[in-house]
Amino acid sequence: MRTLTFIVGTGRSGSTALSGIVHAHPDVLSLNELLSSVQSRGFPEGRLDGGEFWRLLADPNPQFERMIRNGVPMPEFLYTRRPGRFATETTGIPALSLMVLPHLTDDPDGLFDELEKQVHGWPDRTAAGHHEALFNLLCTRFGRTAVVERSGYSLHRVPLLRKVFPQARFVHLFRDGPDCALSMSRHTGYRLIYLLRDILARTGAERVEDLTEDQIRALPPELSPLLTEHFDPALVLDRDLPLDGFAALWSELIVQGVAHLSDVPAALRTTLAYEDLLDDPRKELSRLAAFIGVEPLPQWLDAGVARLDSSRRGASRRLPAAELAALRESCAPGAEALADNPRPARTDGSG
């Protein structure tokens, strides 16, 4: 029986490296950043035919297209490193092609065409049914027996995933708060997230899409251009943004995510600390394999150990003492939420 597991977290927690490790297992279909690519629009209510479902996968992600167009792409955008026939300036890059397909194959355009031919002919069904069919199709295509989806900045989507895939398993991957916040502060995507959250806080709007023209006009000149089609990348890349703001973001995501995961049956959830993974990778990867439902193959464990970079640990400790203390204070709510929710006793996914 095929298993489905979502690795969720705040992002900047070693999750990209973990995607590579998971992908190296011969029995695992690793869906890298599928949730980030299609976002909530990939799971509409009601029924849709194969053509409608394909558009959810193939239409470019508007936010990511704007980032590329304005010179602030994220390093996770694999397609732009080895571009094929799609480009933001001409066709737009299909959502599925930007990060998901290049993780699976060296010929993402070929796989895109292959999937399009099959998915277009699928019958009416729910979005959940279509996604399950897509997982089965890719498992058959690559000879895999378990599906693992991993996206950064995904904790807030746990309720949606539980609703769409009630039997799915969840791994909460997390990292030391100050280290994670420092990494966020240096990442293009999280810097943009911080600035957009600042815009929402100033205006009182719940979503960027809900902003009125009057609200946009009232924003300071260093923020309002970010809502236009073209802006100076320096507004994102060169701004001096406060570290404790990213620590507060980390805490908010962790507190919210731990609460969401507490509603998941204990047998369907586990945790994985990035620091534990670095300290004892064979033990933690073996535990992860058992939870996913695959064997911890010795060669796979060797390859996984080789992919981990322990030098990324403790970066925040090199900050000035006062700055580190402020960072830890802002991370305290998230750290407390993690401490109050220890790893489940059962981590094999059974029961």
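Note that the numbering runs from 1 along the sequence shown for the chain.
Dense packing is recorded around CZ of R125, with more than 12 heavy atoms of other residues, nucleotides or ligands lying under 6.0 Å away. Within 6.0 Å of the CG atom in D238, the count of heavy atoms belonging to other residues, nucleotides or ligands exceeds 12. Applying the 6.0 Å contact sphere to CD of E329 captures no more than 12 heavy atoms from other residues, nucleotides or ligands. For CD of E295, the number of neighbouring non-hydrogen atoms (other residues, nucleotides, ligands) closer than 6.0 Å is 12 at most.
The pair R328-E336 does not count as a salt bridge, with every side-chain nitrogen at least 4.0 angstrom from each carboxylate oxygen. The pair R41-D59 does not count as a salt bridge, with every side-chain nitrogen at least 4.0 angstrom from each carboxylate oxygen. The residues R55 and E52 are annotated as not salt-bridged, no charged nitrogen and carboxylate oxygen being separated by less than 4.0 angstrom. Salt bridge status for E65 with R69: absent, with no side-chain N to carboxylate O gap under 4.0 Å. Between K283 and D276 there is no salt bridge, since no side-chain nitrogen of the basic residue lies less than 4.0 Å from a carboxylate oxygen of the acidic one. Salt bridge status for D279 with R313: present, with a side-chain N to carboxylate O gap under 4.0 Å.
Of the candidates F291, F135, F165, F6 forms a ring-ring contact (aromatic ring centres under 6.0 Å, His included) with just one, namely F165. When the options I7, L18, L285 are evaluated for a side chain to side chain contact (heavy atoms under 4.5 Å, CB included) with L272, the one that passes is L18.
Side chains of L196 and L223 form no contact here, defined as non-hydrogen atoms less than 4.5 Å apart. Side-chain contact between L31 and V148: absent, with no pair of heavy atoms (C-beta onward) separated by less than 4.5 Å. Between L48 and T126 there is no side-chain heavy-atom pair separated by less than 4.5 Å. Contact check for W54 versus W122: no side-chain heavy atoms found under the 4.5 Å cut-off. In this structure the side chain of D232 reaches within 4.5 angstrom of the side chain of L235, judged on heavy atoms. Between V147 and C139, some side-chain heavy-atom pair lies under the 4.5 Å cut-off. Counting heavy atoms from C-beta outward, R157 and V8 have side chains that stay 4.5 Å or more apart. Looking at P296 and H25, their side chains never come closer than 4.5 Å, going by heavy atoms from C-beta outward.
Note that CG of D107 is 8.5 Å distant from CG of D113, once rounded to the nearest 0.5 Å. I199 CD1 to S224 OG: the interatomic distance, rounded to the nearest 0.5 Å, is 8.0 Å. In this structure, OG on S251 lies 11.0 Å from CG on D244, to the nearest 0.5 angstrom. Summarising the geometry, atom CD belonging to E116 is positioned 11.0 Å from atom CG belonging to L96; distances are rounded to the nearest 0.5 Å. For the atom pair CG (L101) and CG (L138), the distance works out to 8.0 Å, reported to the nearest 0.5 Å. Distance OG1/T271 to CG/L261: 9.5 Å, rounded to 0.5 Å.
Remark: side-chain polar atoms of S330 are not paired, donor with acceptor, to backbone N or O of L327 under 3.5 angstrom. With T10 contributing its side chain and L253 its backbone, the two residues share no donor-acceptor pair below 3.5 Å. For T105 (side chain) and P108 (main-chain N/O), no donor-acceptor pair under 3.5 Å exists by modelled atom type. Side-chain atoms of R144 do not come within 3.5 Å of backbone N or O of D27 as any donor-acceptor pair. A donor-acceptor contact shorter than 3.5 Å is absent between the side chain of S97 and the backbone of I93.
Considering only residues two or more places apart in sequence or on other chains, R2 meets the salt bridge (charged side-chain N to carboxylate O under 4.0 Å, His left out) condition with E132.
The ring pair (Phe, Tyr, Trp, His ring centres under 6.0 Å) pairs that include a residue from residues 57-107 are H23-H103, F64-F77, F86-F112, where partners are two or more places apart or lie in different chains. Sorted by first then second residue, the ring pair (Phe, Tyr, Trp, His ring centres under 6.0 Å) pairs that include residues 225-283, not counting sequence neighbours, are Y194-F246.
In summary, the aromatic rings of F43 and H131 are positioned with their centroids under 6.0 Å apart. The ring of H172 has its center closer than 6.0 angstrom to the ring center of F174.
Checked by atom type, the side-chain pair R287/T270 shows a donor-acceptor distance below 3.5 Å. Of the N and O atoms on the side chains of S13 and R175, not one donor lies less than 3.5 Å from an acceptor on the other residue.
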Output, in order, the C-alpha distance, side-chain angles, deciding distance and verdict of side-chain hydrogen bond (donor to acceptor under 3.5 Å, both in side chains) for T5 and R169.
-> CA-CA 4 Å; T5 304; R169 306 174 186 191; 5.0 Å; no
Start with the C-alpha distance between S151 and E149, add both sets of side-chain angles, then the distance that settles side-chain hydrogen bond (donor to acceptor under 3.5 Å, both in side chains), and finish with yes or no.
-> CA-CA 7 Å; S151 289; E149 196 282 339; 2.5 Å; yes
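Of all heavy-atom pairs spanning L324 and S316, the tightest one is CD1-O, 3.6 Å. In terms of heavy-atom proximity, L160 sits nearest to S40 at CD2-OG, 4.0 Å.
The aromatic rings of H187 and Y190 sit perpendicular to each other, their planes meeting at more than 60°, with 30° as the lower class boundary.
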